[in-house]
Amino acid sequence: SAYLQARHAAGAQVRTLRINRRSDPAVLSGVEHLLQGTTYGDEAVRFEPVRAPEGTPRSRLYGLPGPALQLRRVDGVPTDMTSLRRAVRSDVAFVVNQLLTSGLELDDAAVEGARRPLRPADIAVLTRSNDQATSTALDLSAVGVPAATASANSVLASAAGTQWRVLLAALARPGHVPAARAAAVGWFVGVGLEAMEDDRLVTSDGVDVVERLYQWSRDLERGGMPLLLRSLADAGWHARLLTRVDGERHVTDTDHIAELLQSVTSGRAMSAVTALEALDGLAAAATQRVTAALLARRIDRDDDAVQVLTIHKAKGLEFPVV
C-alpha cells in the first residue's frame with residue numbers, strides 16, 4: 001500500500017488488465033458482484049472489474065446447475081490443515097462427479113454450433129504440489145471418476161527411480177545378500193521377505209531370487225536394456241505392479257525410466273554398473289532445460305480421464321473446465 005501511494009505521488013501510471021480471455025463472462029460477472037467496492041486496505045488497490053472479449057458466449061457449458069460462481073463451505077471438520085485439505089479434496093471429487101453425471105453439454109470445438117456431452121478428459125484439476133495431485137486423483141477414483149496425474153518433477157526422483165536403482169545395484173552384485181534381499185521385496189522381483197525359506201533367498205514357490213538376478217544381469221550384458229526388459233516382462237512385473245495402489249502411476253514412471261536408459265545407452269549390451277552410471281548421468285543433467293523436459297513425469301494414462309496437474313505443469317488453458 002505504501003509503495004503504491006509513493007508511486008502514485010511520483011506520477012507513476014498504473015496499467016490495468018481490462019479483458020480476461022480465460023474465464024466465462026458469467027464467472028467474471030459473479031466475481032465482480034462478490035468483490036465490487038473492495039479496496040484491499042487502500043484506495044490505490046481497489047478491485048477493478050474485467051470483461052470477456054466481445055462476442056464471447058456466456059458459457060461453453062450448457063445445463064450447469066446453479067450460478068456460475070459458487071462459494072462452498074465445509075462444516076463439521078476439525079480445523080487442523082490435514083483434515084481441512086482432505087475435506088476440500090473430497091468436495092472437489094464430489095463436484096467433478098456431479099458435473100459428469102448431470103447431463104451437461106459442451107460446445108464441440110471440432111464442429112461449429114454443435115454440442116456434445118461433457119467428458120472426464122475435458123476437466124483439469126490444478127494443485128500446488130505433486131502430493132496433492134496424487135491424493136486428489138485417488139479421491140476422484142474413489143467416487144468412480146477416472147483420473148490421471150503428471151508433474152514437473154523429475155521421474156528419477158519418483159519411487160520408480162528408487163526401484164530402478166535397487167534393481168541395478170542387485171544386478172551389479174547378484175550374490176550380495178543385502179542387495180538381493182532389497183531387490184526381492186522390490187517391484188521387479190516382488191516375492192516378499194515372508195516368502196523366503198532361508199538365507200539362500202529361495203521362496204516357498206521355488207523362485208531362486210539370486211539365480212534370477214544372475215540371469216537378468218547376464219541378459220543386460222548380452223542384449224542391453226531391450227533383452228532385460230523382455231525378461232522383466234516375462235517375470236510379470238507389469239501385472240504385479242498394477243495391483244498396487246496408484247499402480248498405473250508407477251508403471252508409467254518405470255517405463256519412462258526404461259526408455260531413458262535405452263536412449264542414453266543406445267540399447268547396447270552393457271554391465272549393470274554401466275547402467276547405474278547412465279542413471280546417475282541423467283540425474284546430474286537434470287538441471288539442463290532439455291534434459292529436465294525429458295525427465296518430467298508423464299500423464300499416467302491416456303484414456304478419457306480427468307487430468308490432475310500441478311500449477312507448474314499447466315495453467316489450464318488447454319482444458320474447457322478447470
Side-chain angles (χ1 to χ4, degrees), residues 20-24 27 31 69-70 72 74 80-100 118-164 241-242 244-260 279 282-322:
N20 181 319
R21 301 180 185 276
R22 298 188 177 200
S23 304
D24 283 352
V27 174
V31 171
L69 178 68
Q70 301 177 23
R72 304 183 65 81
V74 182
D80 64 281
M81 290 306 297
T82 299
S83 298
L84 290 173
R85 289 184 177 123
R86 187 182 302 118
V88 170
R89 290 199 310 269
S90 178
D91 191 58
V92 167
F94 170 80
V95 170
V96 171
N97 188 50
Q98 187 181 48
L99 289 174
L100 291 170
L118 183 71
R119 300 194 300 257
D122 295 322
I123 302 174
V125 178
L126 302 185
T127 66
R128 291 186 180 221
S129 70
N130 299 317
D131 289 342
Q132 289 177 6
T134 299
S135 299
T136 301
L138 290 174
D139 286 341
L140 287 165
S141 298
V143 297
V145 175
T149 58
S151 74
N153 275 12
S154 168
V155 68
L156 299 182
S158 68
T162 300
Q163 292 294 327
W164 266 112
L241 193 53
L242 285 172
R244 291 172 170 262
V245 174
D246 213 14
E248 289 177 328
R249 173 75 271 163
H250 296 327
V251 167
T252 299
D253 288 342
T254 310
D255 284 347
H256 186 180
I257 294 173
E259 289 179 24
L260 291 169
L279 205 58
L282 283 168
T287 55
Q288 300 174 16
R289 180 172 298 181
V290 174
T291 306
L294 290 173
L295 296 180
R297 297 174 80 186
R298 299 168 176 170
I299 292 288
D300 57 9
R301 54 194 292 177
D302 57 7
D303 56 358
D304 192 11
V306 173
Q307 306 298 306
V308 187
L309 309 164
T310 67
I311 56 177
H312 309 289
K313 186 75 175 179
K315 296 298 179 281
L317 292 177
E318 62 270 53
F319 300 94
V321 179
V322 184

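What's counted below: heavy atoms across the whole structure, side chains too, no hydrogens, waters or symmetry copies.
When all heavy atoms of Asp304 and Pro120 are compared, the pair lying nearest together is OD2-CD, 3.3 Å. Annotation for Gln132 and Arg89: closest pair O-CD, 4.2 Å, computed over non-hydrogen atoms.
Annotation: the span from Ile311 atom CD1 to Thr127 atom OG1 amounts to 8.0 Å, rounded to 0.5 Å. Between Leu140 atom CG and Ser135 atom OG the span is 11.0 Å, to the nearest 0.5 Å. Remark: Asn97 CG to Asp139 CG distance equals 12.0 Å, nearest 0.5 Å. Here the straight-line distance linking atom CD of Gln307 with atom OG1 of Thr149 works out to 9.0 Å at 0.5 Å rounding. Taking CZ of Phe94 as the reference point, atom CG of Leu99 lies at 10.0 Å (rounded to 0.5 Å). The structure places CZ of Arg249 at 9.5 Å from OG1 of Thr254, a figure rounded to the nearest 0.5 Å.
The only member of Val308, Leu118, Val322 that meets side-chain contact (heavy atoms from CB on, under 4.5 Å) when paired with Ile123 is Leu118.
The shortest side-chain heavy-atom distance between Leu279 and Ile257 falls under the 4.5 Å cut-off. Here the side chains of Phe319 and Leu309 are in contact, with some heavy-atom distance below 4.5 Å.
For residues 128-138, the set of pairs meeting the salt bridge (charged side-chain N to carboxylate O under 4.0 Å, His left out) definition, not counting sequence neighbours, is empty.
Judged by distance alone, with hydrogens and angles left aside, the side-chain atoms of Ser90 form no donor-acceptor pair with the main-chain N or O of Arg86 at under 3.5 Å. Formation of a donor-acceptor pair under 3.5 Å by the Asp253 side chain with backbone atoms of His250 is not found in this model.
Arg72 pairs by the salt bridge (Lys or Arg N to Asp or Glu O under 4.0 Å) definition with Asp91, not counting sequence neighbours. By the salt bridge (Lys or Arg N to Asp or Glu O under 4.0 Å) test, Asp24 pairs with no residue at all, sequence neighbours left out.
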**Study point:** side chain to side chain contact (heavy atoms under 4.5 Å, CB included) between Val96 and Val143, worked out
**Key:** CA-CA 10 Å; Val96 171; Val143 297; over 6 Å; no

